[in-house]
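The structure appears below as structure tokens.
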Amino acid sequence: MQSPSLIDGKLPVFSFPSSLTFYADDQSSHKQVLTLYNPYDFPLKFRVLCTAPKKFVVVDPEGTIRPHCCIDIVIRHNGITQSNYGITDKFRIQVQEHGQRQVLGKKDIPATLLMSKPDNSASSTVESEQFEQLSKQSLPLMQARQYAINGAQGRSNSGPSIVVILAAIVCILALILPTRGDPEGFLPLYLHLNMHQKLIAAYTLGLVTMVIFRI
């Protein structure tokens, strides 16, 4: 059964940043990255629309985000002119379940062009907003980059847990202990293990070793 969020079409859309600001006198700000996140257990198909598609170049304005992954969308402002100063356009992100046509959620991202530093003056608004589909663009050395949300940083900080390490130590000690039938030596008889117990320890040690190397 689908969750209510899927049925009523109000699936939350996660992205960063929440707004885009371009500065005419700062060329490095003319190209920005919008990151879309998919924290869900199913793939999401996304589409980026815009109220002024002729002003912007968007690399891969539609595609699919794998479960628990995110994707970077490169957006470049092509309308750096004085007539566009202070104008706020909007991008709309629509998401739907992969293979389905129903839109599950949407989110609007305002994009403003300023001459230099932002001020307190109100940005101009458009009374009637009409979102249009962006044309697919392919720029050299620019491709949508998709990666796990808990990427390399999470893996580098993780390590074998104390339980796994203790289990490995116990198995090693069990294999070192004498086998029943061996001379008693300095260890009491209750510390002599039979072959069945040692086989279990060896098998468990193999599983624990696989877990440690996987981590």
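Counting begins at 1 with the first residue of the sequence.
- Across all non-hydrogen atoms, the minimal contact from P53 to T51 is CD-C, 3.7 Å.
- Across all non-hydrogen atoms, the minimal contact from I109 to S19 is CG2-CA, 3.9 Å.
- Side-chain contact annotation: S116 with D25, donor-acceptor N/O pair under 3.5 Å absent.
- For the pair V58/I73, a side-chain contact is recorded, criterion being any heavy-atom separation below 4.5 Å from C-beta on.
- Between D108 atom CG and L49 atom CG the span is 9.5 Å, to the nearest 0.5 Å.
- Counting only heavy atoms from C-beta outward, the side chains of L20 and I75 approach each other to under 4.5 Å.
- H68 places a side-chain heavy atom less than 4.5 Å from the side chain of D41.
- If you run side chain to side chain contact (heavy atoms under 4.5 Å, CB included) between E97 and each of L11, L104, V103, only L104 comes through.
- Considering all non-hydrogen atoms of both residues, S15 and L36 come closest at CB-CD2, 3.8 Å.
- Within the model, atoms CZ of R76 and NZ of K31 stand 8.0 Å from one another, a figure rounded to the nearest 0.5 Å.
- A perpendicular orientation is assigned to the rings of F56 and F91, their planes being inclined by more than 60° (bins at 30° and 60°).
- Under a hydrophobic-cluster definition in which Ile, Leu, Val, Met, Phe, Trp and Tyr are linked whenever side-chain heavy atoms come within less than 4.5 Å, directly or via other members, L173 and I200 are assigned to different clusters.
- K90 places none of its side-chain heavy atoms less than 4.5 Å from the side chain of C50.
- What you find for P67 and P43 is that their closest heavy atoms are CG-N, 3.7 Å.
- Contact check for D72 versus L34: no side-chain heavy atoms found under the 4.5 Å cut-off.
- The cluster map of Ile, Leu, Val, Met, Phe, Trp and Tyr, joined by side-chain heavy atoms under 4.5 Å apart, puts L44 and F16 in the same cluster.
- Within the 4.5 Å cutoff, no side-chain heavy atoms of V95 are placed close to those of K106.
- In this structure, Y40 and F14 have tilted ring planes: the angle between them lies in the 30° to 60° band.
- Atoms CD and NZ, from Q100 and K45 in turn, are 10.5 Å apart once rounded to the nearest 0.5 Å.
- Looking at every heavy atom in both residues, Q96 comes nearest to R101 through NE2-CA, 3.3 Å.
- Of all the heavy atoms in N38 and I65, the pair that sits closest is ND2-O, 3.1 Å.
- The line from CZ of F22 to NZ of K55 is 11.0 Å long, rounded to the nearest 0.5 Å.
- Between the NZ atom of K54 and the CG atom of N78 there is a distance of 13.0 Å, given to the nearest 0.5 Å.
- Taking D26 as the reference, nothing meets the salt bridge (Lys or Arg N to Asp or Glu O under 4.0 Å) condition, with sequence neighbours excluded.
- From S29, atom OG reaches atom CG of L114 across 9.0 Å, with rounding to the nearest 0.5 Å.
- Using a 4.5 Å heavy-atom threshold, the side chains of I80 and H30 count as touching.
- Residues T112 and T21 have side chains that never bring a donor and an acceptor to within less than 3.5 angstrom of each other.
- By the criterion of side-chain heavy atoms lying less than 4.5 angstrom apart, applied directly or through intervening Ile, Leu, Val, Met, Phe, Trp or Tyr residues, L113 is grouped together with M115 in one hydrophobic cluster.
- I87 places none of its side-chain heavy atoms less than 4.5 Å from the side chain of Y85.
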